[in-house]
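Below: the structure, in structure tokens.
Computed from a predicted model, the values in this text were never measured in an experiment. Below, read A as the first sequence line, B as the second, and so on, with proteins coming before strands; counting in each chain starts at 1.
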Amino acid sequence: MVRVVPDVAAITRTFDYLVPEQWRDGVEVGGIVRVDLHGRRVRAWVVEADPEPAAGVELKALTGFTGVGPASELVDLTVWAAWRWAGRRRPLLVAASPPGRVTSLPAPPPLRPRSATVGPGPTVTAALTHPRAVLRLAPAADRYPLVAAAVASLPDDRDALVLCPSVDQARTLAARLRRSGVAVAAVAQDRPGAAATGEWARAAAGGCVVVGARAAAWAPVPRLGRVIVLDEHDAAYQEQSAPTWHARDVAVERARRAGAPALVVSPCPTLEALAWGTLEAPGRSEERRGWPALDIVDRRDEDPTAGLLSAPLAALLRRAGRVVCVVNRTGRSRLSACATCRELVTCTECADGAMAQPAEGVLRCTRCGAERPVVCASCGATRFRVLRPGVSRLRDELAALVGEEVDEVTGSSAARPESRVVIGTEAALHRVTSAEAVAFLDIDQELMSTRERAGEQALALLVRAARLVRGRETHGRVLVQTRDPDHVVLQAALHADPDRVRAAEAETRQRHGLGPYWAHAIVSGEAAGAFMAALGRPDGLEVQGGSGRWRIRAASHEELCDALAAVERPAGRLRIEVDPLRA
DNA sequence: CGGACAAGCTGA
DNA sequence: CAGCTTGTCCGG
């Protein structure tokens with residue numbers, strides 16, 4: 001007999017089935033089977049073998065054995081993660097399963113003695129000796145020697161799991177390791193298919209270094225000897241849909257359970273990481289070399305209605321080669337005023353939303369989505385002054401300024417930009433592969449963001465820019481236009497000293513009761529009210545909000561997650577976001 | 001989730 | 001009251 005979790009979204013229970021004689025050998029914990037459930041055939045995971053049988057239920061037999069699934073340690077890890085992120089187990093089991101059907105594992109590659117690589121440097125060497133290490137490396141520093149050294153230092157019968165924030169980076173790293181003769185399973189694939197399934201099976205067979213992106217936190221690594229998380233600060237590591245698990249935290253817990261050392265790496269380590277492990281960082285001068293020069297353009301003395309194209313920016317655009325300009329606002333304008341009567345352009349439907357101009361000739365309310373033509377509601381004039389220009393508008397202004405084509409890159413535009421000067425949202429920093437300079441036209445938008453972790457996220461953006469332009473030795477430049485030149489994030493980037501942000505963030509987060517000092521969850525969705533009623537007010541939990549959305553705070557994840565887990569999930573749509581990214 | 005089954009509605 | 005729609009329940 002086995003206990004299974006059916007692959008059906010709304011079902012949170014387990015069910016017991018008899019195992020027919022012919023599959024007795026193949027069916028074990030983690031195995032993927034087919035079962036008859038209420039008149040349908042569905043996929044299911046075996047999560048327990050020979051459980052205590054429930055009384056008075058007539059058991060049915062499994063109707064099929066599909067193949068290999070997550071190893072039993074990972075099945076156990078889904079129990080932990082479902083508790084830690086207060087969610088269902090099914091999405092976690094999906095993440096830990098092969099993308100296609102795996103009926104047998106390939107032979108593992110022959111054991112190759114690992115040889116020490118030369119010169120990882122004393123900082124890396126030190127980081128590799130701690131069971132829980134945080135390694136701070138400047139943005140332009142190459143992380144490959146670190147990964148190579150970590151792989152070389154593995155015992156012959158152990159493998160490493162290496163996580164990168166994006167599929168692209170994972171594939172590049174995997175290719176580089178392969179070229180130097182390391183057996184690699186690259187579980188980061190654009191789409192599931194035969195290739196992805198094959199890599200999963202190779203990883204499950206053992207004898208490979210497993211490299212991948214977020215989902216690879218759940219990849220099979222039967223002989224886990226080390227976990228490495230590159231760019232640990234990257235927000236891409238957190239799953240967007242509930243349960244909102246974080247790949248760093250999953251990977252680190254996995255390492256702990258396997259008794260393997262874990263190493264997280266970042267130019268700007270998060271407070272969560274710093275609270276968890278021992279920090280190693282190179283000396284000041286070495287770290288400084290890996291940060292580009294930062295030009296801070298102080299806009300405090302400018303007329304507030306002046307455009308975003310300052311004289312220092314114009315000079316940079318004339319002088320430098322490829323320049324990427326970043327402003328995190330799509331469309332033509334986010335806020336306008338009538339050029340005639342000076343009235344702000346607001347929504348006539350909901351009365352308090354600002355009207356954005358997503359494209360020429362149309363206004364759309366940022367609050368309620370209502371649209372109307374570009375006509376002033378109070379005087380009827382059709383000429384507006386743009387107060388908060390977006391990418392499209394600035395593209396035209398930039399093209400006029402430099403007298404050449406300027407390509408626009410946003411999340412929705414697909415092609416690689418070809419022009420010398422490029423403007424876009426944050427997406428431009430991902431789409432362009434190298435540049436001589438990056439200019440943030442309105443960095444205050446990031447600095448003043450109400451997002452939780454806003455400071456860290458703004459620094460992460462500067463790190464991205466720094467990666468594009470490389471260190472100061474290659475004359476890379478990053479320019480920021482701001483009305484807050486003394487902001488700690490800018491000062492940290494200016495002095496190549498991310499510790500300043502850590503100190504400031506620690507102080508504000510303690511003061512505001514945020515993570516990692518407190519654990520938070522946001523409960524929303526149509527069944528949120530029923531959930532909150534069932535939760536009640538347990539000791540140690542603070543509850544704020546109402547009308548469909550609640551925020552819960554506790555002094556630790558243990559308290560928070562235990563309380564959330566004690567509530568029986570009501571029927572209906574419910575989203576519980578533990579460690580929310582947005583305030 | 002989605003099949004089963006019951007209850008509700010319509011038209012002859 | 002057959003034939004169909006709509007709603008609620010529950011799975012081994």
Side-chain angles (χ1 to χ4, degrees), chain A residues 1-72 74-79 81-83 85-102 191-192 197 215 218 239-245 523-535 548 564-578:
Chain A
M1 186 177 103
V2 287
R3 186 155 287 169
V4 306
V5 171
D7 185 5
V8 179
I11 296 181
T12 49
R13 292 181 44 202
T14 58
F15 296 87
D16 296 337
Y17 287 86
L18 296 168
V19 183
E21 193 62 53
Q22 77 240 57
W23 299 318
R24 286 280 152 84
D25 297 334
V27 172
E28 46 192 37
V29 172
I32 296 171
V33 295
R34 289 195 82 75
V35 297
D36 259 334
L37 184 69
H38 209 55
R40 326 185 252 163
R41 295 254 160 123
V42 295
R43 188 167 89 129
W45 291 271
V46 176
V47 294
E48 223 177 305
D50 299 314
E52 197 65 26
V57 197
E58 186 135 334
L59 299 186
K60 292 184 178 175
L62 299 178
T63 53
F65 173 62
T66 303
V68 185
S72 66
L74 283 173
V75 172
D76 292 343
L77 197 66
T78 63
V79 176
W83 167 82
W85 286 281
R88 294 178 168 157
R89 215 164 155 194
R90 189 190 77 111
L92 305 171
L93 287 164
V94 170
S97 299
R101 181 172 159 153
V102 174
R191 49 187 180 281
T197 309
W218 297 99
E239 175 67 33
Q240 308 263 306
S241 49
T244 55
W245 54 272
V523 179
S524 60
E526 111 213 344
F531 182 91
M532 294 306 295
L535 175 69
L564 295 175
V567 179
E568 191 155 347
R569 220 183 154 89
R573 291 186 63 83
L574 176 71
R575 178 178 161 90
I576 304 178
E577 193 181 352
V578 176

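Scored by the side chain to side chain donor-acceptor pair (under 3.5 Å) test, A:Trp85 finds A:Asp579 as partners (sequence neighbours excluded). For A:Pro91, the side chain to side chain contact (heavy atoms under 4.5 Å, CB included) criterion is met by A:Arg88, A:Pro243, not counting sequence neighbours. Considering only residues two or more places apart in sequence or on other chains, A:Trp45 meets the ring pair (Phe, Tyr, Trp, His ring centres under 6.0 Å) condition with none of them. A:Val29 is linked by a side chain to side chain contact (heavy atoms under 4.5 Å, CB included) to A:Ala49, A:Ser72, A:Val75, counting only residues two or more places apart in sequence or in another chain. Partners of A:Arg90 according to the salt bridge (charged side-chain N to carboxylate O under 4.0 Å, His left out) rule, which considers only residues two or more places apart in sequence or in another chain, are A:Asp7. A search for side chain to side chain contact (heavy atoms under 4.5 Å, CB included) contacts involving A:Ala242 returns A:Arg575, not counting sequence neighbours. The side chain to side chain donor-acceptor pair (under 3.5 Å) test applied to A:Arg13 returns no partner, not counting sequence neighbours. Residues satisfying the salt bridge (charged side-chain N to carboxylate O under 4.0 Å, His left out) test with A:Arg101, not counting sequence neighbours, are none.
Taking 4.0 Å as the cutoff to heavy atoms of chain A, we find the contact window on DNA chain C bounded by C:dC10 to C:dG12. For DNA chain B, the outermost nucleotides in 5' to 3' order that have an atom under 4.0 Å from a heavy atom of chain A are B:dC1 to B:dG3.
Exactly one residue among A:Val33, A:Asp36, A:Leu18 makes a side-chain contact (heavy atoms from CB on, under 4.5 Å) with A:Leu62. That residue is A:Val33.
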*Begin with the C-alpha distance, continue with both residues' side-chain angles, and end with the deciding distance and a verdict on side-chain contact (heavy atoms from CB on, under 4.5 Å) for A:Thr14 and A:Glu48.*
CA-CA 10 Å; A:Thr14 58; A:Glu48 223 177 305; over 6 Å; no

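With a 4.5 Å cut-off on side-chain heavy atoms, A:Thr66 and A:Arg34 count as touching.
At a non-hydrogen distance threshold of 4.0 Å, A:Val8, A:Ala10 from residues 8-18 of chain A come into contact with DNA chain B. A heavy atom closer than 4.0 Å to some atom of DNA chain B occurs in A:His38, A:Arg40, these being the qualifying members of residues 38-46 of chain A.
By the neighbour-count criterion of 12 heavy atoms within 6.0 Å, atom CD of A:Gln22 is densely surrounded, having more than that number from other residues, nucleotides or ligands.
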